[in-house]
Peer 1: 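I have a structure I would like to understand better, so I am pasting it below and will then ask my questions one at a time.
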Number of protein chains: 2
Amino acid sequence: MSTIEAVDVDVGESVSLHQRILSDISERILSGAWAPGHRIPFEHELTAEYKCSRMTVNKALSQLAKAGLIERRRRSGSFVRRPQSQAAVLEIHDIRIEVEALGLPYRYERVARHKRRSSAEDRALLELDSNGPVLALECRHFAGKRPFAHEQRLINLAAVAEAADEEFHAIAPGPWLIARVPWSAAEHRIRAVAADRHIAAALDIEPGAPCLVVERRTWSAEHPVTHVRFTYAAESHALVARFTPSQG
Amino acid sequence: MSTIEAVDVDVGESVSLHQRILSDISERILSGAWAPGHRIPFEHELTAEYKCSRMTVNKALSQLAKAGLIERRRRSGSFVRRPQSQAAVLEIHDIRIEVEALGLPYRYERVARHKRRSSAEDRALLELDSNGPVLALECRHFAGKRPFAHEQRLINLAAVAEAADEEFHAIAPGPWLIARVPWSAAEHRIRAVAADRHIAAALDIEPGAPCLVVERRTWSAEHPVTHVRFTYAAESHALVARFTPSQG
DNA sequence: CCTTTCAATATGTATATACATAATCGCCAT
DNA sequence: ATGGCGATTATGTATATACATATTGAAAGG
């Protein structure tokens, strides 16, 4: 989405100087005019070029440095960085949103719900220390008549006690949690697997068919909150991630 | 990786004030102490709290706003934002790096190389307008004795003319391109597929076995540069993406 | 009572200035 | 030559200040 913004032409009076310096320089870098390793003008030179104070130039360059486009070295100057590792932003939307974006009616179904002391397996998935209580959920998400995704979820009841009183018949656990728990970190693991019998039945596909699995572990202020595994039939889903060098 | 940094304790004298304000406030937000919608103190109040100038506070708050943790409203103040959509950073490393991270010896093999006028299919993959020349490559990446990934790549020779003279016997096209072409944008598409005969043979797995496919399209200053499809056998690979609210 | 107007307020952007810090260059003595 | 040392230089961080701008709340006028 921001791919568009990145090439916005300065129609240009109302833009701040800060922004102008930023986009000027990043354009010269991204167009290749200033190749990796090239030393960009010193702050005092840019000060002259843009007729502004060093503070303004400094702010812009610091931002480019934070964005990873340039590297700054004291006494030596600022240099265009060589791209390091491809980093992309993966937006993981609520499944309802994804389904509705396809123009299909969304339906949610709770298949099972168990409250129990955490087993060794639960603790491994949640990265939990104690054997406190967890809530295990199994759900299906439909796009039109077809099952779209299968959800297996564990909720750490020590972190989210209210979940024990929720049946999750009407609302899916994802949006329920988002509305209640401020998350501070999450880890996603994405892989391909063959459908086992259980998954195949739930998604109405052949056993052994390829599936995309997205597992997410979520923490809130150092406490594990939830572990969820979404399984999508191969045809139904692709994840899209975009990289755009950040412009501030 | 930055999950760790996010909770770095201020051992604290050498940290800049700027950094201290930033981490202080984001910790209060992420711990839930300041819930979404909460109005955080005005700049002049923080100025008093941290005994520093408004500029310093302003810089920190502007950064938090850019990171999406807070929303600033003139005359009203700054407010903690409600988490919008899950966004995670997916780092896509060079395959050599990934293999070596597993402690296995890396080997690269060029299977095929064709220079041709772009076909309709090539143009669709590259999002190319003209029917200019392209270079089509097929490669294999090994981890130890086992094939780890299969690579199918198209390079737009109009954008990277020098590629026409490179055989890609010794060096893989990925690192070759990274070292030469500054990319400005990339789009990744991740899905699960069943191995066809060709892929199965290349990866030494059964036809029909699930595979993880990562496709990447890369642009440099508005020109399509390359399209690449990596196929991994299901057992060999998982992608990991991490979300950490950005701290600057 | 409703609308218009105006002043107060919080943020947005920019300046000039100051001193700290890290890295490099060149001089000097060995 | 060479090794150390101080001066120079570019960036890093912070301050005080000024004015612009958007938005709110209250006063003034119809």
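As the structure is a computational prediction, the values presented were derived from the model and not from experiment. First the proteins, then the strands, lettered A, B, ... as listed; each starts at 1.
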Peer 1: C:dA23 C1' sits how many Å from A:Glu71 CD, rounded?
Peer 2: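 So the two atoms are 13 Å apart, to the nearest Å.
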Peer 1: For every nucleotide of nucleotides 4-13 of chain C, 5' to 3': is a protein heavy atom under 4.0 Å from its base (B), only from its sugar-phosphate (S), or from neither (-)?
Peer 2: ----BBBBBB
Peer 1: Applying a 3.5 angstrom cut-off to the pairing atoms, does DNA chain D sit in any stems of at least three consecutive Watson-Crick or G-U pairs? List them by first number.
Peer 2: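 For DNA chain D the paired stretches long enough to count as stems (3 pairs minimum) are C:1-30 with D:1-30.
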Peer 1: Using salt bridge (charged side-chain N to carboxylate O under 4.0 Å, His left out) as the criterion, list what pairs up with B:Arg110, not counting sequence neighbours.
Peer 2: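 B:Arg110: salt bridge (charged side-chain N to carboxylate O under 4.0 Å, His left out) contacts with B:Glu167.
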Peer 1: List the residues meeting side-chain contact (heavy atoms from CB on, under 4.5 Å) with A:Ala238, not counting sequence neighbours, and say none if there are none.
Peer 2: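 A:Ala238 satisfies side-chain contact (heavy atoms from CB on, under 4.5 Å) with B:Arg189, B:Arg191 once adjacent residues are dropped.
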Peer 1: Would you please name every residue forming a side-chain contact (heavy atoms from CB on, under 4.5 Å) with B:Tyr50, sequence neighbours left out?
Peer 2: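 Residues passing side-chain contact (heavy atoms from CB on, under 4.5 Å) with B:Tyr50: B:Arg20, B:Ile21, B:Asp24, B:Arg28, B:Leu46, B:Cys52.
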Peer 1: Restricting to non-hydrogen atoms, name the atom on A:Tyr108 and the atom on A:His169 that form the minimum distance, rounded to 0.1 Å.
Peer 2: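 Smallest heavy-atom distance, with atoms named: CE2-O, 3.6 Å.
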Peer 1: Enumerate the side chain to side chain donor-acceptor pair (under 3.5 Å) contacts for residues 154-165 of chain B, please, sequence neighbours excluded, ordered by first and then second residue.
Peer 2: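 Qualifying pairs: none.
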Peer 1: Can you name the ring-ring contact (aromatic ring centres under 6.0 Å, His included) partners of B:Tyr232, sequence neighbours left out?
Peer 2: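 Applying ring-ring contact (aromatic ring centres under 6.0 Å, His included) to B:Tyr232 gives B:Phe148, B:His237.
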Peer 1: Rounded to whole angstrom units, what separation is found between the CG atom of A:Leu64 and the P atom of D:dT11?
Peer 2: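 Spelled out: CG on A:Leu64 to P on D:dT11 is 13 Å.
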Peer 1: Which residues satisfy the salt bridge (charged side-chain N to carboxylate O under 4.0 Å, His left out) test with B:Arg229, sequence neighbours excluded?
Peer 2: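 In terms of salt bridge (charged side-chain N to carboxylate O under 4.0 Å, His left out), with neighbours along the sequence ignored, B:Arg229 is linked to B:Glu215.
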Peer 1: For A:Glu43, what residues pass the salt bridge (charged side-chain N to carboxylate O under 4.0 Å, His left out) criterion, not counting sequence neighbours?
Peer 2: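 Expected list: A:Arg54, A:Arg72.
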